[in-house]
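From a predicted model like this one, the values you see are computed outputs, not experimental measurements. Note on naming: letters A, B, ... go to the chains in the order of the sequence lines (proteins, then strands), and numbering restarts at 1 for each one.
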Amino acid sequence: MGDYKFAKDKLAEVLSSLGDYQVFAPTPAGDVVRFLEVKDPAAVTLESANSTVPPKELMFPETETLFKYRLGDTGLDPSVPDASARRLVFGIRPCDAMAYTIVDNLFSWDFTDPYYLNRRENTTLVGFACGDPCANCFCPSMGGAPASEKGLDALMFDLGDTFYVKTLTDKGDAFAKAAGLDAAGDAESKAAEKQAEEALGKVKRSIDTAGIPEKLPSLYDHPFWEQFSDRCLSCGICTFLCPTCHCFDIQDEAEAFNARRARMWDTCMFAEYTVHTSGHNPRPTRKERTRNRISHKYSYFPEKFDVIACVGCGRCINNCPVNIDLLDILEKSKQAEGKEAKTA
Amino acid sequence: MVDLKELQDKAKEVISRDDVRRLIGWQRGTYGFESAPIVVTDASDADKLIFDPTCVQNPASFITLEEKRPVPRGQEPDTRKVAVMVKGCDSRAIVQQLVEKAYPRENVIVMGMPCRGVIDRRKAAALFGDVTPDEVKLDGDKVVVSLNSETKELARGDILADKCMRCRYPNPLVSDELMTEEVEKWGADEFADVDEFEKMSPADKWKFWEEQFSKCIRCYSCRNVCPMCYCVECVVAKLKPQWTRRSTDISENAAYHVQRAWHLSGRCIECMECQRVCPVDIPIMTLNRKMTRDVKEMFDYEPGVDVEAEPLLACYNPQDPEDYIM
Amino acid sequence: MSEEFEPNIVAFLCNWCSYAGADLAGTSRTQYLPNIKIIRVMCSGRVNPLFLLNALQQGADGVLISGCHPGDCHYLEGNFYARRRFMLMHKLLEHVGVDPGRVNMSWVSASEGVKFKDVIEEVVTSVKEAGPMDQFRRRQLNW
Amino acid sequence: MMDESNPYLPYIVKVEDAWYETPVGDRAVKTFKVTFEDEKVWDTWSHRPGNCAMVGRLGIGESMFCISSSPTEEGYLRFSIMQAGKVTSAIHEVDAGDTLTVRGPLGNSFPMEEWEGKNIVSIGGGIGQAPLRPVINYVRANKDKYGDLKVLYGARTSDLHCFKTEFDEYSGEGTACHLAIDVEEEGWPHFVGFVPDLLMEVAPSPENTIAVTCGPPILIKFVTQNLEKLGFTPDQIYTTLEERMKCGIGKCGRCNVGSMYVCKDGPVFSYETLKKIPEAFA
C-alpha cells in the first residue's frame with residue numbers, strides 16, 4: 001500500500017505499459033462513454049463525469065454464454081471465465097466500485113456464481129476520485145463518497161498536471177509496479193485529501209435513508225406510487241443503467257447444431273418479466289413494477305443482505321426520460337402515511 | 001404565451017367533470033431543464049400543470065401506455081374519458097391513433113397547446129451545465145432563459161430541438177379546445193438530412209449503423225415511449241415463436257431496430273421521442289425519417305394528419321410503384 | 001476464397017402462382033440454379049417482413065419474395081399489400097447499408113416456368129455481386 | 001447435490017417412462033419418470049418433499065417444476081408437467097428413451113420432521129397435487145411417525161384428475177380420500193363442487209393437524225380462508241407458491257414475493273409467513 005504518481009501526459013504510456021493485463025477504461029463510443037477494452041490508449045477519456053453504461057457490464061455482461069453444447073449431444077461445455085486471468089479496470093468511479101461490493105452479496109449468496117465471481121477475482125480496480133460530482137449524485141447518503149475507497153484496489157486523484165495514485169491492496173500494488181509509477185510524497189496525498197473533502201462538499205443532493213427499509217413494506221397499497229408509475233414508460237433505462245441491478249434472463253439459443261445457454265440483463269420494469277405461462281401476471285401494471293423496483297433496492301435487498309442496493313450514482317435520475325426521480329420517490333415515501341402490512 | 005393560471009383553472013374544470021377520469025399534461029421536473037408528464041386524477045393536482053418550452057414529452061403516449069387491470073366480476077369497466085394536452089406534433093400521434101382505431105374519438109378530450117418549440121435537453125446541458133433555470137420562455141425569435149436572476153437570450157436554433165426548427169404543424173391538428181391562439185407556421189421539411197445520409201455508400205452506411213446498433217442495450221425505451229407502439233404484446237417479447245432473441249449482439253440489435261423502423265413506416269409522426277429518450281444516443285430517427293420521406297414520395301402519404309385516412313399498409317393503390325420488382 | 005461464392009437464397013413463393021411456376025420449370029425440365037431454398041406460403045401477402053429479416057439473420061445471403069402478377073392474386077389483393085410492404089422494407093434495408101440486390105421481389109405466374117428460371121438467375125447474379133451476407137448474420141454461435 | 005462450482009450446469013437425465021395423466025391436448029399433464037445418465041449422481045443426490053428442480057430440454061430452455069416423487073421412492077425422479085408454454089410444450093414431445101436436463105434439488109421443503117406425530121391433511125386442486133404427492137408418499141412410507149392422513153383432491157372434470165390410480169391405492173391402505181369435480185358428471189360417486197366446499201364438507205379437525213394445500217391461486221385463497229374457519233391457525237397451514245423463474249438459485253431476481261425469493265426461500269411457505277407478505281397473493 002503506497003503512494004504513487006504519474007504525469008498527466010503520461011497517461012497513454014501508463015496504459016500501454018500494462019501489457020500483462022486486459023485493460024478496460026472509459027472510452028467514447030459515439031456520443032456516450034462506456035468501459036471498453038483499451039485498444040488505443042489515446043482514445044481513453046477521463047474527462048466525463050461517469051460512463052453512461054455502468055461498468056457492471058465488465059463483471060456481469062449484457063449477454064454472456066453460460067455453456068455451449070451441440071444439439072443431439074449431451075456434452076456441455078461451460079464458458080466459465082478464467083479466475084486467474086489478469087484484468088484491470090482503469091478509471092472506475094468510486095460509486096461503481098462500491099456497487100460491486102453490494103452485488104457480491106447476491107452472487108455469493110448460498111449458491112456461488114462462478115461467472116461473476118471469477119471475473120471479480122481476476123480484476124484489479126483502479127478507481128478515479130470525483131473532483132466534480134454531477135447534478136444528481138448522492139453517494140454520501142448511500143455510504144459512499146466522491147473519493148470512497150470501498151471495493152477499490154487503488155484510487156487515483158486528478159491533481160492538475162499529475163495523477164496521484166494511492167494503492168489500497170496487493171492487487172493495487174501490483175498495478176503500480178507493472179505501470180512503473182513514481183513514488184509520491186506528502187504534498188500529493190495532502191492535496192488529494194483536500195480535494196476529496198472539497199468534492200464531498202460539492203455533492204448537491206442527499207437523502208436520509210434511516211427508516212426507509214422498514215417503512216416501504218407498509219406502503220404496499222399506498223396510492224403515492226401512482227404519482228410516479230402513471231408516467232413510467234416501463235422501459236429498462238433505470239435498471240439497465242443501474243450499477244447494482246443484477247436481474248437476468250436465461251435463454252437457450254440454437255443455430256443449426258450449435259447451441260448455447262446464455263444469460264442476459266433483464267429488468268423488473270418489463271411486463272413480461274414476471275408473467276406466468278398461464279397469462280397471469282402478479283405485477284400487471286406499472287404501479288406494481290415501480291413499487292417492486294424501489295422496494296427491492298431499498299427494502300428487500302437490505303432485509304436480506306443488510307445493505308441498500310443503491311450507490312447514489314444518479315444514473316437512473318439522469319437518464320429517465322420522464323423524470324422519475326428516485327430521491328423524489330424516497331422523500332414522498334417518507335411523507336406518505338404508512339399502515340400495517342395488509343393481511344390477505 | 002399561455003397564462004398558467006388560466007390553463008390550470010381550465011384543467012381543474014375538465015378533471016372535475018363526472019365523465020373525465022384522468023388528465024395528462026406536464027409538470028415541472030425535479031432538476032435542470034427537465035419537465036415531467038403528469039397524470040392528474042384529482043383537481044387539487046391541477047395546480048402542478050405547466051406549459052413552457054421544457055415540455056418535451058408527448059402526452060399522447062400515455063393514453064396507450066395505460067395498462068388496464070381486469071375488471072372484477074360484477075363491476076362495470078370505467079369508461080370515463082381521458083383528457084390530454086397536446087402540442088402540434090403530439091396531436092399527430094392522436095390523429096394516427098384514431099386512424100388506427102386505437103380508441104374511439106369520444107374517449108379522449110384533446111386540449112390543444114399551440115407551440116413554438118421545445119428545448120433539447122442535450123443542447124441545454126451543453127450550454128448551461130448542471131443548473132436549474134428559473135424560467136424558460138420563448139420571446140419572439142429568442143429563447144429567454146432566466147437563471148439566478150440573470151436572463152440569457154439565445155437564438156432558437158441554439159437550444160430548441162431540431163424537430164422544432166423544421167416543424168410544419170405547430171398547431172394541434174385535432175383538438176376539442178385550443179388553450180391559446182394559434183401560432184404562425186415557420187418550418188419546412190426538405191429532408192435534407194436524409195438526402196445527406198443517402199450519399200453514403202452501402203458499406204459506409206453499414207459501418208455507421210453497426211457502430212450505432214452495437215451500443216444498444218435493448219432497454220426498449222424507444223419502443224415504450226412511442227405513441228404508435230402500443231401492441232398488446234410486442235413481437236420482440238414473444239417466445240413462441242421467438243423472432244428476435246433477447247441476447248444483445250449486432251445481429252439481434254440490428255434486427256430489432258429494422259423491425260421497429262419498419263413497423264413505424266407510414267405511422268411515425270415524428271415527435272422524435274424515441275431519439276430523445278435513448279440513453280446511448282442512437283440516432284433512431286434517421287431510420288424513421290427515411291421511411292417518412294419515402295412513404296411521402298412513393299405513396300403520397302403522410303401519417304397523422306388526416307383522421308379519415310386509411311392506415312398506409314392496410315390499403316393499396318393498384319398503381320403503386322414497383323420499380324424493383326422483377 | 002478460391003472457390004467461387006455460391007449464395008444461399010431463401011425464396012418465399014406463393015402457392016398459387018410462383019410455386020406452381022417453379023413446379024412448371026421443374027416438370028418442363030427448365031433447369032434453374034440450385035442456390036434457392038424454397039419456402040411455400042399461401043400468398044405473398046402472408047410473408048411477414050420478419051421472415052425476411054430472420055432469413056438474413058440465419059445465414060441467407062439474399063431473399064426472394066414471389067407472388068402472382070398484380071390483379072391475379074388468388075385472394076384478390078394480397079400481392080398489392082405485399083408490394084407496398086416490401087417496397088418499404090427494401091428501402092429501409094438499403095438505408096442501413098444492406099445491399100439492395102439482396103432483397104428481391106418478382107411476379108411469376110403458374111405458366112411462367114421460363115420466367116422463373118430467369119428470375120432466379122437474375123437474383124443469384126445480384127446476390128453474388130453483393131457477396132456473402134455477414135452484416136447482421138447471427139455470429140455468436142460460430143464455434 | 002448440485003455441481004458446487006457451477007450451479008448453472010444441469011444433469012442429463014434419461015426418461016425411463018412417460019405417460020399422460022390427463023387426456024392429450026392443450027394443457028395436458030404428462031408425467032416423466034427419469035434417472036440420471038451418470039449413475040454416480042445418485043450418490044450425492046438427496047431431495048425432500050417440496051423440493052423443486054429445473055427441468056429442461058437442451059436447445060429450448062428450462063423451467064421450474066416440483067419433484068413429484070417422494071425421496072422414499074428410490075432410484076428415479078418423477079415430474080408431472082402441464083403443457084402450457086414454450087418449454088413445457090417441448091418437454092411434452094419427449095418420450096421414454098429421450099433425454100432431458102435436471103438442475104436441482106432447489107428451494108426449501110416441507111418440514112416433515114417437525115410434523116412428526118401430527119395428522120396431515122392434503123388439499124389439492126388440478127396440477128397442484130404434484131407437490132403434495134411426495135408429502136403423501138412420504139407419510140405413507142413412514143406411517144408410524146405420523147398420525148392420520150387425509151387426502152382431499154379436486155379438478156374440473158374426472159378426466160382432469162391427476163394420479164387417478166393412486167387415490168385407489170391410498171384408500172386401499174385405509175387413507176381417507178375425498179375426491180371432487182366441479183361440475184356434475186354421470187356416474188361420479190364422489191363430491192361435486194369446488195375444493196374449498198369439499199373441505200367444509202369433510203371438515204377435518206384442526207387438533208394436532210397440519211394442512212398442506214396447493215392449486216391455482218384462487219383455490220389456495222379460499223382453502224386457507226376455510227381452514228381458518230375450521231379453526232386452523234396460520235402456522236398449521238402450509239402451501240407452495242409459484243412464480244416465473246429463470247435461475248432457480250436466488251440470483252436472477254424475478255421470483256421475489258416481498259424480500260423472499262420463491263426459488264430459494266420457498267416454494268414452501270407457512271401461511272403465517274405469507275400473511276406478512278401482501279405480494280404473495282398478487
Side-chain angles (χ1 to χ4, degrees), chain A residues 29-32 34 49 52-53 57 61-65 132-136 204-205 223 226-241 249 251 253 260 262-267 269-272 275 281 284-287 315 317-325 327-328, chain B residues 22 24 27-32 34-41 45 56-57 59 61-62 65-70 122 125 129-132 211-212 214-226 233-234 237-239 242 245-249 252 273 276-283:
Chain A
D31 310 326
V32 297
R34 228 171 149 155
T52 307
V53 181
E57 59 176 342
E62 265 183 274
T63 301
E64 122 170 85
T65 306
D132 209 4
C134 54
N136 292 314
K204 295 187 197 91
R205 305 194 65 174
E226 282 159 25
Q227 279 175 44
F228 304 97
S229 65
D230 268 345
R231 66 172 187 266
C232 174
L233 300 173
S234 207
C235 75
I237 292 180
C238 48
T239 47
F240 283 177
L241 298 187
D249 191 2
Q251 300 260 324
E253 300 182 341
R260 67 165 178 175
R263 71 167 170 203
M264 55 285 291
W265 291 356
D266 202 353
T267 161
M269 302 310 286
F270 289 166
E272 62 263 25
V275 70
N281 193 346
T285 74
R286 290 165 290 150
K287 177 182 174 182
R315 283 189 182 89
I317 309 177
N318 284 331
N319 290 292
C320 180
V322 289
N323 191 236
I324 293 178
D325 192 319
L327 296 181
D328 196 20
Chain B
R22 41 170 50 199
I24 309 164
Q27 63 181 329
R28 183 97 37 236
T30 53
Y31 70 96
E34 290 289 316
S35 66
I38 180 173
V39 177
V40 179
T41 49
D45 283 336
V56 283
Q57 291 93 353
S61 308
F62 297 89
L65 260 177
E66 192 190 355
E67 291 151 309
K68 301 255 161 55
R69 287 165 199 276
R122 288 189 175 95
D130 291 336
V131 297
T132 303
E211 189 186 310
Q212 297 298 339
S214 315
K215 289 193 296 189
C216 180
I217 55 169
R218 300 273 284 283
C219 66
Y220 296 137
S221 56
C222 47
R223 173 193 76 185
N224 291 9
V225 80
C226 178
E233 190 184 10
C234 180
K238 262 190 145 45
L239 291 174
Q242 188 174 31
R245 289 178 180 162
R246 296 204 63 187
S247 49
T248 43
D249 72 346
E252 310 303 331
E273 280 289 274
R276 181 186 70 85
V277 302
C278 182
V280 291
D281 289 353
I282 299 173

Fill in: Trace of the side-chain contact (heavy atoms from CB on, under 4.5 Å) decision for A:E62 with B:I217
CA-CA 8 Å; A:E62 265 183 274; B:I217 55 169; 3.7 Å; yes
Worksheet item: Is a donor on one side and an acceptor on the other found under 3.5 Å between the side chain of A:E253 and the backbone of B:R245?
Response: no
Item to complete: Report yes if the side chains of B:Y220 and A:L233 come closer than 4.5 Å at any heavy-atom pair, otherwise no.
Response: no
Item to complete: Answer yes or no: is there a side-chain heavy-atom contact under 4.5 Å between A:W265 and B:T248?
Response: no
Item to complete: Take B:D130 and A:C134, measure what side-chain contact (heavy atoms from CB on, under 4.5 Å) needs, and give me the verdict at the end.
Response: CA-CA 7 Å; B:D130 291 336; A:C134 54; 3.9 Å; yes
Discussion item. side-chain contact (heavy atoms from CB on, under 4.5 Å), that's the test. Do B:R246 and A:R263 meet it? Break it down for me.
Written reply: CA-CA 9 Å; B:R246 296 204 63 187; A:R263 71 167 170 203; over 6 Å; no
Discussion item. Can you confirm whether A:L241 sits close enough to B:P279 that some side-chain heavy atom of one is under 4.5 Å from a side-chain heavy atom of the other?
Written reply: yes
Worksheet item: Checking heavy atoms, do the side chain of B:Q27, its backbone, both or neither come under 4.5 Å from chain A?
Response: side chain
Worksheet item: Under 3.5 Å, side chain of A:R231 to main-chain N/O of B:F62, donor-acceptor pair present?
Response: no
Practice prompt. For chain B, find which of A:K287, A:E272, A:M264 contributes the most heavy-atom pairs closer than 4.5 angstrom.
Written response: A:M264
Discussion item. Quick check on B:Q212 against chain A: is it the side chain, the backbone, both or neither that has a heavy atom closer than 4.5 Å?
Written reply: neither
Fill in: Segment of A:N318 engaging chain B (4.5 angstrom heavy-atom cut-off)
both
Discussion item. Please check: side-chain N/O of B:Q57 versus main-chain N/O of A:P321, any donor-acceptor pairing under 3.5 Å?
Written reply: yes
Discussion item. If I measure from the heavy atoms of chain B, does A:R34 come under 4.5 Å with its side chain, its backbone, both, or neither?
Written reply: side chain
Item to complete: With a 4.5 angstrom heavy-atom cut-off, could you sort out which part of A:N319 is near chain B: side chain, backbone, both or neither?
Response: both
Discussion item. Is any side-chain heavy atom of B:C219 closer than 4.5 Å to one of A:F240?
Written reply: yes
Worksheet item: Do B:T30 and A:N323 have a side chain donor and acceptor closer than 3.5 Å?
Response: yes
Worksheet item: CD/B:E34 to CD1/A:I324 distance, rounded to the nearest 0.5 angstrom?
Response: 11.5 Å
Item to complete: Given side-chain contact (heavy atoms from CB on, under 4.5 Å), test B:V280 with A:V53 step by step and report yes or no.
Response: CA-CA 8 Å; B:V280 291; A:V53 181; 4.0 Å; yes
Worksheet item: Between A:C238 and chain B, which part of the residue has a heavy atom less than 4.5 Å away: side chain, backbone, both or neither?
Response: neither
Worksheet item: Do you know which two heavy atoms are closest between A:R205 and B:Y31, and how far apart they sit?
Response: NH1-CD2, 4.3 Å
Item to complete: Sort out for me which of B:T132, B:V277, B:I24, B:L65 touches chain A most, counting heavy-atom pairs under 4.5 Å.
Response: B:L65
Discussion item. Tell me every residue that passes side chain to side chain donor-acceptor pair (under 3.5 Å) with B:S61, counting only those two or more places apart in sequence or in another chain.
Written reply: none
Worksheet item: Between B:R22 and chain A, which part of the residue has a heavy atom less than 4.5 Å away: side chain, backbone, both or neither?
Response: side chain
Worksheet item: To the nearest 0.5 Å, what is the distance between CD (B:E67) and OG (A:S234)?
Response: 5.5 Å
Practice prompt. For A:Q251 and B:S247, test the side chains for any donor-to-acceptor distance below 3.5 angstrom and give the result as yes or no.
Written response: no
Fill in: Option that, when pairs with chain B are counted at under 4.5 Å, heavy atom only, ranks first among A:P284, A:C320, A:C232
A:P284
Discussion item. Has B:R218 got a side-chain atom pairing as donor or acceptor with A:G236's backbone, closer than 3.5 angstrom?
Written reply: no
Worksheet item: Under a 4.5 Å heavy-atom cut-off, does chain A meet the side chain of B:L239, its backbone, both or neither?
Response: side chain
Worksheet item: Side chain, backbone, both or neither: which part of A:F270 has a heavy atom under 4.5 Å from chain B?
Response: side chain
Worksheet entry | Side chains of A:D230 and B:E66 in contact at under 4.5 Å (non-hydrogen atoms) | no
Worksheet item: Any idea which of A:C235, A:S229, A:P61 has the most non-hydrogen atom pairs under 4.5 angstrom with chain B?
Response: A:C235
